[in-house]
Each structure stands twice: as C-alpha cells, then as structure tokens.
There are 2 protein chains.
Amino acid sequence: MSAHTLTKNQSLVLDALTHAEAPLSAYTILDKLRDHGFRAPLQVYRALEKLQEFGLVHRLESLNAFVACACREDHDHTHHHHGVTAFAICEDCGQVTEFHDAGMEERLAVLVKNQHFKTEKTTIEIRGHCQNCI
Amino acid sequence: MSAHTLTKNQSLVLDALTHAEAPLSAYTILDKLRDHGFRAPLQVYRALEKLQEFGLVHRLESLNAFVACACREDHDHTHHHHGVTAFAICEDCGQVTEFHDAGMEERLAVLVKNQHFKTEKTTIEIRGHCQNCI
DNA sequence: TAACTGAATGTAATGTTATTACATCAATTG
DNA sequence: CAATTGATGTAATAACATTACATTCAGTTA
Ligand SMILES: [Zn+2]
Ligand SMILES: [Zn+2]
Ligand SMILES: [Zn+2]
Ligand SMILES: [Zn+2]
C-alpha cells in the first residue's frame with residue numbers, strides 16, 4: 001500500500017465517481033466537470049487511466065463505464081493491490097457491488113494453469129437485479 | 001437443444017466468425033461481407049443479435065468483438081444452452097479459448113445468492129498470454 | 001387468390017465511446 | 001540555464017452502436 005498524490009484532474013474525476021450512485025461513462029464525467037474547466041474527452045480518459053493504475057477506479061467492460069473502487073473504507077488515496085475483482089451490476093437501478101472471493105480466484109487460477117495461460121487481467125461482471133429491485 | 005434455420009445474413013455472419021482465427025469486430029465483419037452485399041452496420045448487428053440469442057455466437061465485452069461459440073463440435077446450427085462461459089483471450093495472437101467449469105459456476109451462484117442478487121448474465125474474460133505466446 | 005401479418009432486410013442518419021496528433025506548461029535535474 | 005519528464009489543452013478523427021423509417025418476403029387467413 002502506498003499513497004498517491006493525485007493531480008487536479010485526477011481528483012476531480014475520482015470525486016465525480018465517488019459521489020455518483022451508479023457507474024459513469026467518460027462522457028458523463030466530462031459533462032459533470034465542464035464547470036471545473038474540462039473541455040475534451042482526453043482530460044477524462046487520461047485521469048481515468050491513472051486512477052485505474054492506482055487501483056482507485058475500475059472499468060466495467062460490459063457497460064463502458066467506470067466506478068470508484070469500493071474497497072477503500074478511508075478516503076485517502078491509497079493504492080491497494082486487488083486480487084480478482086467481481087462486480088454485481090443491477091440493470092434496474094444501476095447499483096454496483098464489488099466483491100472478492102478467494103475461492104473463486106483459486107478456481108480460476110487452476111483453470112488457466114491447466115491451459116498454460118498467463119493471466120494479466122480478469123474481468124468478472126454479473127448483470128442482473130439487486131435485492132431492492134427484484 | 002433445438003436446431004435453427006438461419007437467414008442468409010445470419011449464415012454469412014456466422015461463417016465469417018467460424019472461419020476467423022480471432023474475434024472480429026462488427027465493422028470487420030461488415031468489411032468481410034461487402035462482397036456478399038452487406039452495406040450497413042445494422043445488417044451485422046442484427047445478425048449478431050440473433051446468433052447470440054441462439055447461443056451460436058458470444059460477445060467479448062472487453063474487446064467489443066465477437067466469436068463463434070466453440071462448443072459446437074458439429075456444424076449444425078444447434079442451440080445449446082450454456083451455463084456460465086469464461087474466455088481466455090491472448091493479447092498477443094488473439095486466440096480465444098472458451099471454457100466452462102461447474103465449480104466456478106457454483107462458487108459464483110453462492111456469492112450472488114448471499115447478496116440476494118438475481119443473475120441474468122455473467123461475463124468472465126481473462127486477458128493474458130496463451131501457451132504459444134508466453 | 002387477395003389481404004393480412006410478422007419477421008427480416010435495406011438505407012441513411014445519428015449517437016456514443018475512444019484514440020491520435022501536436023502544441024504548451026510546470027517541475028526537476030544536471 | 002538547457003534538458004528532461006510528466007501533466008495538460010485542443011482539435012480532429014476513428015471505432016463502436018443505435019434510431020428511424022421504408023421495403024420486401026414468407027406464411028396465414030378470409
Ligand atoms: Zn476495488
Ligand atoms: Zn437494483
Ligand atoms: Zn459457447
Ligand atoms: Zn497467443
């Protein structure tokens with residue numbers, strides 16, 4: 001774990017995601033930050049790229065959208081190294097739950113090992129309906 | 001399991017995917033099928049939509065691309081109901097391996113059940129390097 | 001057969017997401 | 001100071017996907 005000093009743009013993007021109730025697309029973030037001087041998509045994409053590197057933001061591949069990492073209980077900008085992260089995404093209310101499970105991780109590790117595959121990044125996204133929306 | 005009669009466009013798209021060595025984007029498919037009369041993206045997207053319904057094609061969310069289902073050993077157009085499907089995607093050669101694992105499926109089922117979540121669709125994509133490219 | 005129906009198709013236009021290219025600025029360092 | 005590095009600003013373009021509307025086709029029914 002190591003703390004990061006975020007740039008102004010990175011902070012703004014992270015704040016937008018942290019305060020959002022659902023995943024945000026890059027262009028939605030751009031619109032939210034126009035008042036703070038954002039003018040072009042690249043300002044958002046560049047910040048998102050760094051925030052993902054730092055482990056502070058996740059990209060949801062099945063939505064083309066981004067969420068703040070949920071495993072920072074504190075709000076310092078601490079980089080923590082995730083293992084495999086899975087997301088349950090409610091298609092009704094947009095709520096996203098991030099979770100981690102050692103058993104699943106182990107199972108996946110065995111599977112790819114059997115195929116002599118070297119994993120760089122694993123995406124697990126479960127689309128459906130959350131408790132409140134069933 | 002039930003056989004489907006594919007339309008001409010659906011057959012053409014499925015053939016393109018079946019003969020490809022790597023996932024194809026919708027626009028790549030469009031280009032491959034221009035000689036067969038394809039002119040617009042929608043022709044591809046409509047065929048892909050049906051083929052996915054039939055379980056003959058999968059969408060790879062992390063690539064915005066599509067692959068023919070690998071679990072049809074025969075080439076009749078038989079709809080088979082998958083459980084959860086996972087993909088190992090080589091970032092070097094593009095090769096995609098489709099696999100299924102009851103253990104992992106069960107593990108996921110338990111996890112979402114604990115959250116009282118109702119699953120509609122599960123995406124598992126592992127990006128990395130295949131045996132040949134390590 | 002003629003009319004109706006629903007599925008599939010053709011085409012154009014548009015919307016959404018992401019990247020490339022290039023110029024500028026600020027902090028660091030030798 | 002000159003050189004380097006990382007961050008930023010801006011414009012243009014590329015890549016991916018959908019909406020809207022007209023037409024065609026096959027099967028069904030009056
Ligand atoms: Zn996280
Ligand atoms: Zn919900
Ligand atoms: Zn399959
Ligand atoms: Zn490979």
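Keep in mind it's a predicted model, so treat the numbers as computed, not measured. Proteins get letters first, then strands, A, B, ... in listed order; numbering begins at 1 in each.
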> Over how many whole Å does the gap from Glu49(A) atom CD to dT17(C) atom P extend?
Replying inline: 19 Å
> Starting at CG of Leu33(B) and ending at C1' of dG10(C), how long is that distance when rounded to a whole Å?
Replying inline: 15 Å
> Can you list the residues that meet the side chain to side chain contact (heavy atoms under 4.5 Å, CB included) rule with Asn132(A), with sequence neighbours excluded?
Replying inline: Gln95(A), Cys130(A)
>> With a 4.5 Å cut-off on side-chain heavy atoms, are Leu48(A) and Leu17(A) touching?
In response: yes
>> Taking 4.0 Å as the cut-off, does a side-chain nitrogen or oxygen of Gln43(B) come that near to OP1 or OP2 on dG10(C)?
In response: yes
> What is the distance from NZ of Lys8(B) to P of dA26(D), rounded to the nearest Å?
Replying inline: 13 Å
>> Test: salt bridge (Lys or Arg N to Asp or Glu O under 4.0 Å). Region: residues 119-131 of chain A. Which pairs qualify, not counting sequence neighbours?
In response: Glu91(A)-Arg127(A), Lys118(A)-Glu120(A)
> What is the distance from CG of Leu24(A) to C1' of dT16(C), rounded to the nearest Å?
Replying inline: 15 Å
> What ring pair (Phe, Tyr, Trp, His ring centres under 6.0 Å) pairs are there with at least one residue in residues 90-134 of chain B, not counting sequence neighbours?
Replying inline: His82(B)-His100(B)
Could you list, one pair per line, each protein nitrogen or oxygen that sits under 3.5 Å from a nitrogen or oxygen of nucleotides 13-21 of chain D, together with the distance?
| from | atom 1 | to | atom 2 | distance (Å) |
| --- | --- | --- | --- | --- |
| dA17(D) | OP1 | Arg59(B) | NH1 | 2.8 |
| dA17(D) | OP1 | Arg59(B) | NH2 | 2.5 |
| dA17(D) | OP2 | Tyr45(B) | OH | 3.0 |
| dA17(D) | O5' | Tyr45(B) | OH | 3.4 |
| dA17(D) | N7 | Tyr27(B) | OH | 2.7 |
| dA17(D) | N6 | Tyr27(B) | OH | 3.2 |

> Between dA8(C) atom P and Leu6(B) atom CG, what is the distance in whole Å?
Replying inline: 11 Å
> What residues, two or more places apart in sequence or in another chain, satisfy salt bridge (Lys or Arg N to Asp or Glu O under 4.0 Å) together with Arg46(A)?
Replying inline: none
> salt bridge (Lys or Arg N to Asp or Glu O under 4.0 Å): which pairs involve residues 16-29 of chain A, sequence neighbours left out?
Replying inline: none
> So, is Thr7(A) near the phosphate of dG6(D), with a side-chain N or O under 4.0 Å from OP1 or OP2?
Replying inline: no
> Between Arg39(B) (CZ) and dA13(C) (C1'), how many Å, whole number?
Replying inline: 15 Å
> Between Gln43(B) and Ala40(B), is there a donor-acceptor pair closer than 3.5 Å when you use the side chain of the first and the backbone of the second?
Replying inline: yes
> Taking atom C1' of dG10(C) as reference, at what distance in whole Å does atom CG of Leu12(B) sit?
Replying inline: 15 Å
> dA7(D) phosphate, OP1 or OP2: any side-chain N/O from Lys50(A) under 4.0 angstrom?
Replying inline: yes
> In whole angstrom, what separates Asp31(A)'s CG from dT17(C)'s P?
Replying inline: 10 Å
